[in-house]
Q: 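What follows is a single structure, and I will ask about it in a moment.
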Amino acid sequence: MAARLVIVSGPNQGAAYFLKEGGNSIGREQGNNITLSSGQISKRHCTISVTGMNAEVLDGGSSNGTFINGVLAKKSKLKPGDKLSIGPFVFEFISGPDEAGQGAAFANPIASGIPTDVDMNAGDEANDLLQGQFEPSKSGKEKSFFKKLFYKFDETVTPVVHDMNTRNEWWYILGGLFVCYVILYIGMSVYPLLETAKESVLREAEDRARYIARQIAEINQEAIEQGAEANLTVDFAEKDASVVEALILDLQGRVLAPGIKINEGTTNPYVTKVLRATRAGKRAAWKLVTKRNEDNTRLLVTVPIFAKSPKSGAEVPKALVVLKFALTGIALDPGMVGVIYLESFLMAMLLGLVFLFLVYRLTYQPIQIVNDELDEVLKGNISAVQKHYQFEPLNQLIDSVNSVLSRIPELKSGDEDENLEASDNEQQIIDNMMVPLQYMVTNAHLPMMLMDGASNVLTLSATFEELTGMHGEAISGMPINDAARDEAFAAMMYDMMEKAPDYGPEGVHEEYEFSAGLYNIICLSVSSLPEKIEAYLVSALPAEEEDYG
C-alpha cells in the first residue's frame, strides 16, 4: 500500500511524507522517521503502523495528545481521508496509488511541497532517494559542489562581465554594479523589515479583535445561561471604529443580537462551517478562532458562549459570537515608510561610495605606479619596474614588462653624428610596427592614408581613393606631391606633416573642400625613436555643418 501523510493545515502546508511498511515514528527529536520542528510536539509523539492495507496510530504518551478527526485518541485505526492533528500540524491520511504520480513527486520534490527542513527517514527507497537529495554526503562532495558552482559562475557570468568591459568604460560598469548593490541592499534589508513590522501591526489588531470578542462572550454569558435573549448586547463593541459588525448567533445561525438584526440568518460560509462543526460536537470549533481574508483587509473572529447542559451538567456551547474587524485602517504610516526607505538609501549610498573609493584606489593606484615607473625606465632613470603590491596578476604583468624592457638595446649617440639611427633589432621592431598600421589603413572604412617619414605614400583605404581620386596601386611609393591630383592638397599635406610632431597624439587639423564636400583632415606623426618620425597617418572626416537656424 502506498500510504502517505499530507499537511493540509499548519506549517509547511502541502508537504507529503510517504510511510513505510511497519512502524513510522513521528516526533520532535532527530531519529524519528518523520521529524517535525515544533515545541508543541513531543520528542516521540506517536507512531503509525502500516500493515498491508491497514494503518493504525498509537500515541506515545505525548503532552498535547494526538487527535483523529478532532477527537483525542490513544490508539485508533486510520482510514483514507482521516485528519490527524499533531501539535500545529493537521495531516490527511491517504492510501492507495498517488493520483498525481509518485514518480513526478520524486523527480521534483520541491514542486510536490516536500520541505527541505524536515527529516524524512521513511524506510522505502524513494524516501532514501529524497534524503540523499537534501542532505549532502560526508565524503567530500560539499567541496565538489562549491567547485562546480564557482566553475558555473566563471562559465556563465564572468564572460558577460568581461564582454561588457570591452564595450563600456570601466567606470560605467562599476557604476552599474553600484546601482545593483543599492537596490539589493534596500530590497534585502528594508522590505523584509517593513513586512515584519506590518505583520506585527496586524497581529496587534488581531489581539484587539480577540479581546473584544471575548468581552462580548463574557458580558452575555449570564443572559445566555438564563435564556434572556432580550438582555443580549453588543453595543460597546460597535463603538470601536475598526469593528465592522458584531453578532451573537444561536447554533442554528439565527441572530440574537443586536436587536436591529434579530432573527436574521447568516450567509457567511465560514461562519456556517463553524456552526456546523460546533453542533457536531467537534471540540476544534469550541475555541476562539480568527481568519483573515486573502488581501488582509478583514478579520473574522468567532468565539462560543458556553452554558451548562441540563442533561450532563457540562459546559457546552449555546451561542456564537461573530466579530468582523476591518484591517484597512491599521497599517504603517506612509510617511514613516518613506523615511525608512530614505534612510536606507542614504546609508547604502554612503557605504557604496566608500566601497567605490576603495576599489578605485586598490585598482587605479597600482596601475598608475607601474605606468610611472615604466616611464622612468624608458627615460633611463631606473633599471626596472618594481613590485610594490601583493597582487599576483599585476606582478606577473610587471615581470612581462621587465622582460620586454631587457630586450630593447640601449640608444647610442655618436660624437660626430647627432642623428639617431636604428640598429638591426630596432629596425625589425619598427618594421613590425608598420605592418599592422598598413593593414589597418588598407581595410579601414573611413578615408585614411599612410605615408612614410619621407612623405612617400605607402597605402590608402578604398574610401580615401574615392574621396581624392588617387589610386593606391599606381601611386604606392610616390611622394605625395606627385601622387596627389590637386596641388593645393599636396601643399596642405606638406604643411600638416611639418606641424604634426608639435601637436603630439592629438594631431594637426585642417579643413579641405573635396568634390564630395567639406572634410576635416587630421594628420598624426608616428615616431619610433625620439625625434625620428617613421610615418604619417592621415584621416578625413566630414566637417560638421553649423546650424544657423
Side-chain angles (χ1 to χ4, degrees), residues 11-13 108 110-111 113 115-117 134 136 142-206 292-297 327-372 388-398:
N12 300 324
Q13 184 173 353
N108 190 0
I110 301 299
T116 59
D117 60 342
F134 291 113
E142 297 88 342
K143 295 182 180 179
S144 176
F145 169 77
F146 284 111
K147 284 182 179 178
K148 291 180 180 178
L149 182 64
F150 288 130
Y151 174 78
K152 198 66 177 178
F153 182 87
D154 284 338
E155 188 181 40
T156 57
V157 180
T158 304
V160 175
V161 178
H162 287 173
D163 183 62
M164 291 172 58
N165 202 16
T166 60
R167 294 182 288 107
N168 301 279
E169 288 287 343
W170 178 71
W171 274 109
Y172 295 160
I173 298 175
L174 205 60
L177 294 176
F178 172 68
V179 172
C180 293
Y181 155 75
V182 172
I183 295 174
L184 289 174
Y185 178 86
I186 295 176
M188 298 179 66
S189 61
V190 179
Y191 181 76
L193 179 64
L194 290 177
E195 287 298 309
T196 302
K198 180 180 178 181
E199 183 64 25
S200 178
V201 171
L202 291 176
R203 289 187 181 280
E204 289 182 6
E206 285 186 359
R292 295 185 202 170
N293 61 356
E294 293 182 357
D295 54 0
N296 286 334
T297 58
L327 300 175
T328 52
I330 302 172
L332 295 177
D333 181 67
M336 184 183 68
V337 173
V339 169
I340 294 175
Y341 271 107
L342 179 60
E343 290 179 350
S344 299
F345 174 76
L346 294 177
M347 180 61 68
M349 289 289 292
L350 177 61
L351 295 176
L353 290 175
V354 172
F355 173 76
L356 284 180
F357 177 76
L358 292 175
V359 170
Y360 170 76
R361 299 308 298 177
L362 288 173
T363 54
Y364 177 80
Q365 186 172 3
I367 296 175
Q368 185 63 41
I369 290 177
V370 171
N371 186 60
D372 293 341
H388 299 282
Y389 299 96
Q390 298 299 320
F391 186 24
E392 188 60 27
L394 184 62
N395 290 336
Q396 291 177 358
L397 176 62
I398 292 174

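Fair warning: this is a prediction, and the values are worked out from it, not measured in the lab.
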Q: How long is the gap from CD on Gln368 to CG on Asp372, to the nearest 0.5 Å?
A: 4.5 Å

Q: Does a side-chain heavy-atom distance below 4.5 Å link Ile398 with Asn395?
A: yes

Q: Hey, what do you get for CD (Glu294) to OG1 (Thr297), rounding to the nearest 0.5 Å?
A: 10.0 Å

Q: Rounded to the nearest 0.5 Å, what's the gap from CG on Leu353 to CG on Leu358? Could you check?
A: 11.0 Å

Q: To the nearest 0.5 angstrom, please state how far the CZ atom of Phe345 sits from the CD1 atom of Ile183.
A: 9.5 Å

Q: For residues Glu206 and Leu202, determine if any side-chain heavy atom of one lies less than 4.5 Å from a side-chain heavy atom of the other.
A: no

